[in-house]
Amino acid sequence: MINSDLSTHIDEENVSNFSISAKQLAHIVENNSNNKGKFLCQNTFVIEHLFNALETNTDSGILGDSNDLYRRRKAFGSNTKSEGRSPSSITKGFDQLILEAFKDTTVILLLCCAALSLVIGIKMNGLQEGLFDVLLIFLPIMIVVNFGVTYRFFKAIWMKKKMAKQKKVVRVLRHHQMLQIPVSQVVVGDILSLETGNEVPADGILIHGNSFKLDDGLTDEHFSQHPSLFAGTCLVEGSCQFLVTAVGKNTERCKLMELVASSQHDCMSKLHRSIDEMSSFLEKLWLSLSLLILIVQVFRCFLWKSRCCDKDRNPDPKGVKNTVEEIMNEATKYMRRNRGGTNNKVNGLVAMLCILLFSLKDGLSLGIFIILLYASKEMKKAHQTIVHKLPACANVALVTTLCLGKTLDLVVKHKMMADLWIGFEKILNLPADCGGAEDSVEEVLNTLLEGICMNITGGVSDDSLLIWAEKVLGGDIDELHGSCTILSRDNLYPSKGLCGLLIKRNKEDGEFMHVHWKGEPKLVLSMCSHYYDINGTMQTLDDGKREMFDRNIESIISNGVHCFGFAYKKVKTKQEKENYPVDSEENTSIAKDGLSLLGIVVLKNPYSPELRQTIEICRESGVEIKLMVDEDLYTARLMALNSGILKVEEDIEGAIIEAAEFRSSSKEAQISMSHKIKVLANTTPADKLLLVHYLRAKNRELVAATGTCIRDLPYLKEADVGIFIGENCADLAKEDADITVVDSNFGMIPAILILGRYVCTNIEKFIQLQLILNISAFTTSFILLIFNPTSEEQLTPFQLLWVNIIMEVLGALFLAIITSAVKPESLEFHQVMMNCSKPTTTNYGTGAPIITKNMLMNIAVQSMFQVTLLLILSVKGRVIFRLDETLLSTMIFNSYVLCQAFVLIISAIEITKTSIFKGNIRRNPWRKCLFIASVVIVGIIVALQVILIQIMSKIAHWKKLGMKQWSISIGTAALSLPIHYAAKLVSNSFQSFLIMCVRM
C-alpha cells in the first residue's frame, strides 16, 4: 500500500540521487499508525525500501564521508534546531529597545513633565541646580519604564549563552564504526543508538529496542511494529536503535512550531491586555492633568505676579524642609536636595507621578504575581497540578472553548461497551480475550457477528454494535460484506428496532439462505422456538424457559441500558423447481417464526460517571468542548455521544467531520467550520493546530487545549491555555504547556476552572484596591495644588510608596488566603460551577474592560470618601482637632493607610458574598475565617505603622501619635464600612426602581 504511494513520486522528486524525498519520509513517519492501530512500517518490505532509498543498513550504517554527508544535508537538511522562536530581546539590540521605549506615549508625557520642571527649576534656582533636579526625576523615569525591558534583555542573553554551553552528543553507526558525534551533525539515514537518559534528536523509525521506555509512553512491546519516534522525546529506560528520517527544520515538531510562531502575533494574554489597557489609560490621564498643572506653574513664574509668589515669582516660599525627609524622598527616586521654592512643589508632583506609574506598571504586577503564585501552590497541593506559566491560573477561568484530545479517560475500552448473554449466562471470556473457543461456541459467535455486521439500519446504537463486534468479537466488516449477499430486508417495527435480513453466503453457492433478526429482546424472543446455551448447543424454548428469559430481560432493562436480541434461522433453498428460482418473491421472504435465539447484547456506556459529570460541569458552566481524535468517524462519534461532549440533538451536519475535509477547505470556510465543529476525526497534530488557530482567530474566543504526548505540544503552545495531562515529556511540557495535570485525571479540569475563577475575583478586588488608593492620593494632591498652592504636601512620595508596598504585598496575600479558606470540596464542584456568574468571569477575557460596573461604583464611592476625608483633615484638621502641623500630617498619613485596610476588608466581604461561593457557606466557617484574617491583617498594618512612625520620629521630624490620634485615625477610616453598605443599599434600591418602571 505504501509502496505504490512512494513509487508514484520517486521519479518526480528524485533529489540529489536519493530515490525518496524529505516530503515522502515525513508522510511515512507522521502517518505510520492508522486509526486501527496498525503500523505501516510493520511491513518488512516498507522497512527494506526505506533502507535502500536512504542508502543505509543496520550492519554498517551510512558511508559517512564528506561527500555523502554533503549529499544528505543538501537533500534533507541539517540538524540545526529551529522551532520558530526569535525573541525580540535577542534579535534587537539594547539601544533599539530603549529607542522603542521612548516612543511610548507615557514616556513622552513624563518627559514633557520633566522638561517643564527643568524650565521652572532653571528660572528659580539657576542652570546647575535645575539640571540636577531634572536628573533626579529623569533617572527614576527611565528605571520605571525600562526596568522590565532591561531585565528581559539580559535574561535572554544569559539563556542564549547557557544553551550554547549545553552541547549534546549521540552514538551513531557509520561505515561499520560506532562513533560519538554532536547532535547537530546527525543526518538523515543515520542509525542512532540511544541509551537511558538520551534525548531523541530527530524524527525516525524504531529498528530495535532492549527493554526500553520513552517518556511519551512508547515501550518495547511495540518493537515488532516499528513505530515512529519524534524529536524531543527522552529514553527513560533501556536502549534502542532507530533510523533517522527527518532532521532540523524538517522534523514534525519544528514545522509545527514554525506555524505557531508565525500565528502568534501577540504573546500577551487577554487578561494581561485588559489590565495593561486600563493601566495605560490611567497613566495618560494622570500625566495629562499633571502636565496641565506644570503649564500653569510656568505661566505663574514668567507671565504674572501672584500673591503666593515672592519677588522672584517663586510660588510657595516655604523655607527649608527637613533634610532627612528629603533624603528619604530622594532614596525613593524623587525628591531633590534641601531648599525651598516652587520647584520643590513641582518636583514633588512629578515624584508622585513616578510612584503612581510604578505602582501601576510594576506594583500592580507584584500584587497579581503574589495572587497567581499562591494559586499555583494551591493547585499543586490540592490537585496535583503544576503551573508552568503563572498567568494561566487566571486565564483558565476565562476559557470559552476547550479543545479536548484523546486522554486516558477518553480511550474507548471496547470490552466495557457491551455485555453478551448467551442462553442464561453472561459471557466473560470472549475469543478476543482467550484466543479462541470451542467449535460450537465459535460458530454461534460467528453467526452473531454476521447478524450484527450485516443487519445495519443506521444510528448511534448500530455504530456502537459494529465497533464492539469488530474490536471484541474480532470481526472484519469489509470481509463480511464481501462474503455475503443481501437478498431481502424487512423493517417490521422500526420504532422498536425490529428488522430482519435474508442473506446468502457466497461460498455456499446458494445451497442455503440465512435469516437474521435484530430488535428489542422480547420481540425477538417471541419469534423464537429454540435458543443456544453457553456451550453453543441448541435447546428447545419451552414455556418455562421463555418465562426465565422474560425475567432476565426485565432485570437487564431495569438498569436503563439499551439492549438487542439476535435470532437466526438457516433455510435450505428450493432450487429443484425450474420455475422457483432462488431470487423469486416466495423464496426471498423472511421467516418470522421458528428462529433460534443467538444471544442478547447489552450496550453500556464505556465511560465512567465521573468523566461524564466532569464534561457536563464544563458544558453547563459555559465552556464549549470540542473533541479532536485520531480515530475514525464512527468511533469519534461514539466517544463524543457517550462522554456527553455531543448531545444527540447536536449531531447535525457539520458537527462531526473528517480532518481531511477541514484541511482541504478554504481559509474562510475553515474559520466558519471551526465554530460549528464538535468532533474532528482522523486528525493529525497539524489539523489540531489548525483548528485551535482558527478558533483563536475569533477575538471573543479564549481557547484551552489538552494533550498527552509530545506531538500535542505545538497546539498546546498555540492555545491561550495549554493543559498537558500526564507525566510524559516533562521537560518539553514545562516549555510549551501552561499547566500539567500530573495524575492524568481529566476530572481535575473543573477544580482548575473553579480555582481560576477565584483568582479572577481576587485580581478584580486587588485592582479595585490599587485604583482607590492611587486615585484618592493623586486627586487630593491635585486639588490642594490647584486651590491651595501654598499648603504643605500631605502625602509625600515616600509615604505613597510605603502604602503601595504594604497593600500590594499584604493585600494580595490576604485576598488569596480568604478565597483559599472558602474554596469548595470536590463534591461541591457541580454546585459551585453552576453558581458562577459567567458575565463577571469571562467578559474581560473576550476584550471587555476589566473594570466592571460594581467595581466602578466601589472605586467611585471609596475614592470620594477618602478624598473628602483627606481634604477636610488637611484644611480644617488643625482647627477641629487642635493639633500642630507636623502631628496632623502624621495623623493624615495614618488615616489614609487605615482607609486602605478597611477597603481590603470590604473586598474580602464581597468575595465571600459573590455567587461563586453560594452553597459553600455551611461547609466552611468562612465568617470565622474572615473575622480572624481581618483582625490579623489590620493588626499587621497597625504594627507596621507604629514601627514606621517610631523610626521616622527619630530620623525625621514626624510626631508620635497618642491614643487620641490613633482613635481618630481608626474611627475616620472605619467610616468606609457604613458608607460602602449605604452606597450598596442606594444602588440596589435604584436598580429595583428602574426594573419596576420597565415592567410598568
Side-chain angles (χ1 to χ4, degrees), residues 216-217 256 260 379 383-389 392-393 395-412 607-608 610-619 621-631 636 639-640 643-646 659 674 677-681 683-696 701-730 732-756 829 833:
D216 65 350
L256 294 178
V260 172
M379 282 188 181
H383 310 301
Q384 291 297 301
T385 299
I386 301 173
V387 179
H388 305 301
K389 299 176 179 63
C393 293
N395 291 336
V396 72
L398 311 176
V399 168
T400 58
T401 303
L402 175 61
C403 293
L404 189 60
K406 189 170 70 174
T407 64
L408 288 178
D409 308 71
L410 283 170
V411 173
V412 179
Y607 297 121
S608 65
E610 292 79 14
L611 175 66
R612 300 198 299 271
Q613 184 186 30
T614 297
I615 291 173
E616 185 66 18
I617 288 173
C618 293
R619 283 174 59 97
S621 63
V623 179
E624 182 183 5
I625 299 180
K626 299 180 184 293
L627 183 64
M628 309 180 298
V629 290
D630 57 357
E631 303 285 354
M639 294 170 67
S643 64
I645 293 174
L646 183 71
S674 64
I677 291 173
K678 299 290 184 181
V679 180
L680 192 63
T683 59
T684 65
D687 298 323
K688 298 175 184 178
L689 177 62
L690 193 65
L691 178 61
V692 171
H693 171 70
Y694 282 122
L695 285 171
R696 291 187 71 228
E701 294 287 344
L702 197 142
V703 182
T706 66
T708 57
C709 65
I710 188 172
R711 302 183 74 187
D712 295 335
L713 291 176
Y715 79 80
L716 296 187
K717 190 176 182 70
E718 170 70 12
D720 294 294
V721 180
I723 304 174
F724 191 83
I725 299 179
E727 298 182 277
N728 298 337
C729 311
L732 287 174
K734 290 179 183 178
E735 183 179 351
D736 297 331
D738 299 294
I739 297 172
T740 295
V741 180
V742 177
D743 63 354
S744 302
N745 185 5
F746 180 72
M748 288 293 102
I749 298 297
I752 296 172
L753 291 175
I754 290 171
L755 191 55
F829 283 169
M833 291 292 285

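Remember, it's a predicted structure, so these values are computed and weren't measured experimentally.
From Glu718, atom CD reaches atom CG of Leu691 across 10.5 Å, with rounding to the nearest 0.5 Å. With rounding to the nearest 0.5 Å, the separation of CG in Leu690 from OG1 in Thr684 is 9.0 Å. Considering CZ of Phe724 and NZ of Lys734, their distance stands at 12.5 Å, rounded to 0.5 Å. Here Ile723 contributes atom CD1 and Met748 contributes atom CE; the two are 12.5 Å apart, rounded to the nearest 0.5 Å. Rounding to the nearest 0.5 Å gives a distance of 10.5 Å between CG of Asp743 and CG of Leu408. Remark: Leu627 CG to Thr683 OG1 distance equals 8.5 Å, nearest 0.5 Å.
Heavy-atom minimum distance, Thr740 versus Ala733: OG1-CB, 4.1 Å. Taking both residues in full, the closest heavy atoms of Thr708 and Thr407 are given as CG2-CA, 3.8 Å, listed atom of the first, atom of the second, then distance. Across all their heavy atoms, Tyr715 and Gly405 have their closest contact at OH-CA, 4.1 Å. Across all non-hydrogen atoms, the minimal contact from Leu695 to Cys403 is CD1-SG, 3.4 Å. Between Lys389 and Glu735, the shortest heavy-atom distance links the atoms NZ-O, 3.0 Å. The two residues Asn395 and Leu702 have their closest heavy-atom pair at O-CD2, 3.6 Å.
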Q.
Set out, in order, the CA-CA distance, both residues' side-chain angles and the distance that settles side chain to side chain contact (heavy atoms under 4.5 Å, CB included) for Ile645 and Met639, then state yes or no.
A. CA-CA 8 Å; Ile645 293 174; Met639 294 170 67; over 6 Å; no
Q. Between Thr706 and Ile725, is a side chain to side chain contact (heavy atoms under 4.5 Å, CB included) present by the stated rule, with each step listed?
A. CA-CA 7 Å; Thr706 66; Ile725 299 179; 4.0 Å; yes
Q) Could you walk me through whether Thr401 and Lys626 pass the side chain to side chain contact (heavy atoms under 4.5 Å, CB included) check? A) CA-CA 7 Å; Thr401 303; Lys626 299 180 184 293; 3.9 Å; yes
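Contacts of Arg612 classified as salt bridge (charged side-chain N to carboxylate O under 4.0 Å, His left out), with partners at least two apart in sequence or in another chain: none.
Under the 3.5 Å distance criterion, the side-chain polar atoms of Tyr607 are left unmatched by any main-chain donor or acceptor of Val411. Side chain of Arg696 to main chain of Ala719: no donor-acceptor pair is present (N/O by atom type, distance under 3.5 Å, no hydrogens or angles).
Using a cutoff of 4.0 Å between basic side-chain nitrogens and carboxylate oxygens, Lys678 and Glu624 are scored as salt-bridged.
The shortest distance between side-chain heavy atoms of Phe746 and Leu410 does not fall below 4.5 Å.
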